[in-house]
2 protein chains.
Amino acid sequence: MATDDNRSLTLRDVSEASGVSEMTVSRVLRNRGDVSDATRQRVLKAAKELGYVPNKIAGALASQRVNLVAVIIPSLSNMVFPEVLSGISEVLEDTELQPVVGVTDYLPEKEEKVLYEMLSWRPSGVIMAGLEHTDAAKAMMRAAGIPVVEIMDVDGKPVDAAVGISHRRAGREMAKAILKAGYENIAFLGTKMPLDHRARKRFEGFTEALAKGGVEVMDQEFYSGGSALAKGREMTEAILERSPEIDFLYYSNDMIGAGGLLHLLDKGVDVPGEIGLAGFNGVELLQGLPRQLASMDACRRESGRKAAEIIAARVKNEPCDQIVELTPKIAFGDTLKRR
Amino acid sequence: MATDDNRSLTLRDVSEASGVSEMTVSRVLRNRGDVSDATRQRVLKAAKELGYVPNKIAGALASQRVNLVAVIIPSLSNMVFPEVLSGISEVLEDTELQPVVGVTDYLPEKEEKVLYEMLSWRPSGVIMAGLEHTDAAKAMMRAAGIPVVEIMDVDGKPVDAAVGISHRRAGREMAKAILKAGYENIAFLGTKMPLDHRARKRFEGFTEALAKGGVEVMDQEFYSGGSALAKGREMTEAILERSPEIDFLYYSNDMIGAGGLLHLLDKGVDVPGEIGLAGFNGVELLQGLPRQLASMDACRRESGRKAAEIIAARVKNEPCDQIVELTPKIAFGDTLKRR
DNA sequence: TAGCGCTATGTTATCGTGAGCATTTCGCCT
DNA sequence: AGGCGAAATGCTCACGATAACATAGCGCTA
């Protein structure tokens with residue numbers, strides 16, 4: 001039991017309690033170097049009895065090694081990023097590295113601030129969502145002298161390494177699939193997106209591929225805030241009222257797509273006969289809806305895993321990929337096909 | 001621009017570049033002590049040009065202050081915890097404290113390990129989900145000599161402070177509401193719960209209050225893994241096949257409840273006339289379902305906020321509450337009433 | 001028994017910063 | 001001009017650990 005004299009225990013306390021030098025204690029606790037089994041046991045016993053917890057702050061300063069990986073993402077409530085995180089954790093668990101998460105709320109200035117904070121802890125690497133950052137942020141990442149992996153997007157020029165899908169291509173592929181299924185009056189529904197570059201790129205790729213097929217986006221609707229499911233309903237209702245001839249709705253994420261789906265089913269619309277639907281992300285959460293929404297997997301877990309692998313390899317000075325483009329799979333579900 | 005000679009910049013580099021002592025640079029960068037405006041500008045300019053980022057590792061060691069708050073939660077993919085986190089962040093943003101998140105996957109041993117890791121960074125406080133921990137974990141928290149707030153539950157004895165709702169009471173209140181609405185053949189559907197103590201306590205409170213009303217839980221069904229929505233459907237189908245006389249289904253969370261709701265609507269069951277439903281958590285996400293599921297708010301954001309406030313107060317040696325019981329509000333929605 | 005080589009352990013310096021005190025600078029008053 | 005006080009700046013050491021090197025102890029062999 002620790003006799004907490006308000007100041008926390010140090011190696012010295014353990015060394016005194018076990019009658020060996022601090023160095024030996026340090027060696028025992030890190031399993032490093034040769035220590036006789038007798039002393040090892042004695043030290044471990046003393047450490048346990050005192051309730052000693054090593055001070056990594058001091059350790060990191062002395063060894064010049066901080067086994068943290070900064071992971072910077074826009075949001076935790078998006079369902080997308082927790083899955084990326086778990087991919088990262090899975091891989092890092094087999095190494096001595098540990099992820100530390102920072103959240104930017106999609107704000108570039110906050111991203112910059114969070115990055116600065118994180119770099120001030122001298123992490124071994126950085127995993128950052130997206131390719132768009134302030135100049136200052138890019139400069140910091142370059143200057144840090146550590147591996148940096150930008151994830152979830154490969155449409156642009158990374159600071160260092162990048163892993164993810166091409167959202168332009170994702171938009172294009174979805175457009176092609178929709179055209180091929182025979183839909184012609186196509187609308188887009190998304191978030192207010194000035195800051196969500198990936199959604200923007202999907203939209204760009206989407207319109208581009210439609211244009212190639214001689215089709216223009218018939219109408220658009222954007223939202224912000226609120227429950228995505230409810231917003232999906234509202235937006236769908238609004239856009240169909242405005243443009244009743246629409247026969248396909250492409251949503252920028254699955255949640256609003258699900259809202260739209262529920263709305264249409266309520267109204268008794270024939271999905272996908274009368275109106276087809278597609279979302280984006282392939283969120284597992286939504287399995288169990290009355291119809292399975294067409295979607296496109298964003299390779300979230302895989303992005304996380306791959307990014308972590310790159311960091312781990314670079315930390316060990318092993319060779320590794322610089323740019324990894326993953327290929328999202330289109331899932332037709334029940335809402336993207338025409339008879 | 002940093003001329004990155006592979007080793008990172010220190011105060012000394014900035015001090016040499018600006019012709020003042022390291023101490024003065026340190027003072028400028030922390031806005032502390034008297035520094036003439038001229039030097040301040042010079043130092044800031046030099047720091048910026050070099051791209052200097054202070055080393056918090058060294059700073060923390062020297063000052064014996066680490067402005068981190070360890071936040072330890074079971075999961076990020078649960079929708080519940082991100083909201084707690086944002087409550088915490090909101091409050092801590094106005095202080096110099098910063099949250100750092102650790103995830104336990106509901107495993108006591110992992111919780112212990114994560115706690116140990118976090119304590120080794122000598123945080124200023126700990127916010128930990130739940131009241132059930134290994135003895136070793138409790139000992140560590142006590143020995144750390146820092147404020148500890150256990151959140152999301154107040155049914156038990158906290159190590160230090162606690163903020164949350166009483167899940168026993170939540171279960172009781174829901175049971176009372178269900179009985180009052182006139183339902184009598186009541187079933188419970190939940191997760192396999194040996195490790196989810198809060199769900200267990202809700203269930204205990206639930207059965208207890210039913211018993212007081214002379215009613216016994218008619219049937220139960222548990223699941224693990226998979227998409228909650230889909231599982232909710234499956235479980236609901238299974239339990240109704242087994243016990244067709246059921247007239248109320250109490251789910252341990254909103255997602256499986258939503259799955260059940262969708263299933264019943266598919267089958268053309270009259271909800272809530274024939275069968276009533278309720279979930280738990282009051283997740284905003286689900287607004288937009290065909291019927292609004294009855295639920296009970298777990299005061300997630302508020303728990304986070306309050307916990308953060310306690311930590312902040314304790315760090316400043318201000319007085320504060322030790323135990324805060326929040327009162328969940330029951331939301332009847334469209335699925336808990338009988339005409 | 002001297003000497004070699006290994007293992008187990010200790011000693012010293014260092015990591016980058018901040019606290020506390022020491023020193024310098026400068027303006028102002030008598 | 002001299003002296004005083006406050007503001008500005010610098011110096012030294014400590015923080016708790018680890019790296020790198022030094023040394024003590026031991027068994028074994030020639």
Side-chain angles (χ1 to χ4, degrees), chain A residues 5-44 46-47 50 52-67 96 117 119-124 144-145, chain B residues 2 5-44 46-47 50-67 96 117 119-124 144-145:
Chain A
D5 315 322
N6 105 23
R7 49 173 284 106
S8 81
L9 296 162
T10 74
L11 274 187
R12 151 151 274 122
D13 297 293
V14 183
S15 93
E16 280 169 3
S18 56
V20 297
S21 72
E22 304 172 31
M23 196 61 234
T24 302
V25 177
S26 169
R27 280 194 271 251
V28 169
L29 296 178
R30 285 177 300 145
N31 291 313
R32 202 151 302 185
D34 298 311
V35 181
S36 75
D37 210 54
T39 26
R40 155 165 284 113
Q41 297 310 327
R42 200 143 38 93
V43 169
L44 287 175
L50 291 169
Y52 173 72
V53 178
N55 185 330
K56 288 210 181 168
I57 302 264
L61 183 61
S63 67
Q64 302 286 72
R65 269 184 279 102
V66 184
N67 293 320
E96 49 179 7
E117 288 287 322
L119 289 181
S120 75
W121 290 101
R122 299 289 187 270
S124 299
Chain B
D5 315 323
N6 104 22
R7 48 173 286 108
S8 80
L9 296 163
T10 73
L11 275 186
R12 151 151 274 120
D13 297 293
V14 182
S15 94
E16 280 168 4
S18 55
V20 296
S21 73
E22 304 172 32
M23 197 59 237
T24 302
V25 176
S26 170
R27 280 195 272 253
V28 169
L29 297 178
R30 285 177 301 144
N31 292 312
R32 203 151 300 185
D34 298 311
V35 181
S36 74
D37 211 53
T39 5
R40 156 165 284 109
Q41 298 309 329
R42 200 143 39 94
V43 169
L44 286 176
L50 290 169
Y52 173 73
V53 178
N55 186 330
K56 288 208 179 169
I57 302 265
L61 184 62
S63 67
Q64 300 288 75
R65 271 185 277 101
V66 184
N67 293 322
E96 48 178 6
E117 288 286 323
L119 288 181
S120 75
W121 291 102
R122 299 290 187 271
S124 298

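Chain letters run A, B, ... following the sequence lines, proteins first, then strands; residues in each count from 1. Every heavy atom of this structure was used, including side-chain atoms; hydrogens, water molecules and symmetry mates were not.
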(request) Measure across Ala58(B) and Leu61(A) and return the closest heavy-atom pair with its distance rounded to 0.1 Å. (result) CB-CD1, 3.8 Å
What is the distance, to the nearest angstrom, from the [atom1] atom on [X] to the [atom2] atom on [N]?
{"X": "Asn67(A)", "N": "dT18(D)", "atom1": "CG", "atom2": "P", "answer": "12 Å"}
{"X": "Arg32(B)", "N": "dT17(C)", "atom1": "CZ", "atom2": "P", "answer": "15 Å"}
{"X": "Asn31(A)", "N": "dA8(C)", "atom1": "CG", "atom2": "C1'", "answer": "16 Å"}
{"X": "Lys56(A)", "N": "dT18(D)", "atom1": "NZ", "atom2": "P", "answer": "11 Å"}
{"X": "Arg65(B)", "N": "dT17(C)", "atom1": "CZ", "atom2": "C1'", "answer": "12 Å"}
{"X": "Gln64(A)", "N": "dG16(D)", "atom1": "CD", "atom2": "P", "answer": "18 Å"}
{"X": "Asn55(A)", "N": "dC15(C)", "atom1": "CG", "atom2": "P", "answer": "19 Å"}
{"X": "Leu11(A)", "N": "dG16(D)", "atom1": "CG", "atom2": "C1'", "answer": "7 Å"}

(request) Please check the phosphate of dG16(D) (OP1 and OP2 only) for any side-chain N or O of Tyr52(A) closer than 4.0 Å. (result) no
(request) Kindly say if Arg12(B) contacts the phosphate of dC15(C), meaning a side-chain N or O under 4.0 Å from OP1 or OP2. (result) no
(request) Under 4.0 Å between any heavy atoms, over every strand shown, what does Leu61(A) touch: base, sugar-phosphate, or nothing? Just pick one. (result) base
(message) Quick one, Trp121(A) and Ile57(A) - any side-chain contact, counting heavy atoms below 4.5 Å?
(response) yes
(request) Could you tell me whether the side chain of Val66(A) reaches within less than 4.5 Å of the side chain of Lys56(A), counting heavy atoms only? (result) no
(request) State which residues pass salt bridge (Lys or Arg N to Asp or Glu O under 4.0 Å) with Arg40(A); sequence neighbours excluded, sorted by chain then number. (result) none
(message) If I take atom CE from residue Met23(A) and atom CZ from residue Arg27(A), how far apart are they, to the nearest 0.5 angstrom?
(response) 4.5 Å
(request) Please round to the nearest 0.5 Å and tell me the distance separating atom OG1 of Thr39(B) and atom CG of Leu44(B). (result) 10.0 Å
(request) Take nucleotides 8-14 of chain D nucleotide by nucleotide from the 5' end and write B, S or -, depending on whether a protein heavy atom sits under 4.0 Å from the base, only from the sugar-phosphate, or from neither. (result) SBBB---
(message) Nearest heavy atom decides the nucleotide; on that basis, is Ser63(B) or Ala60(A) closer to the 5' end of DNA chain D?
(response) Ser63(B)
(message) Could you check whether atom CD of Glu96(B) has more than 12 heavy atoms from other residues, nucleotides or ligands sitting under 6.0 Å from it?
(response) no
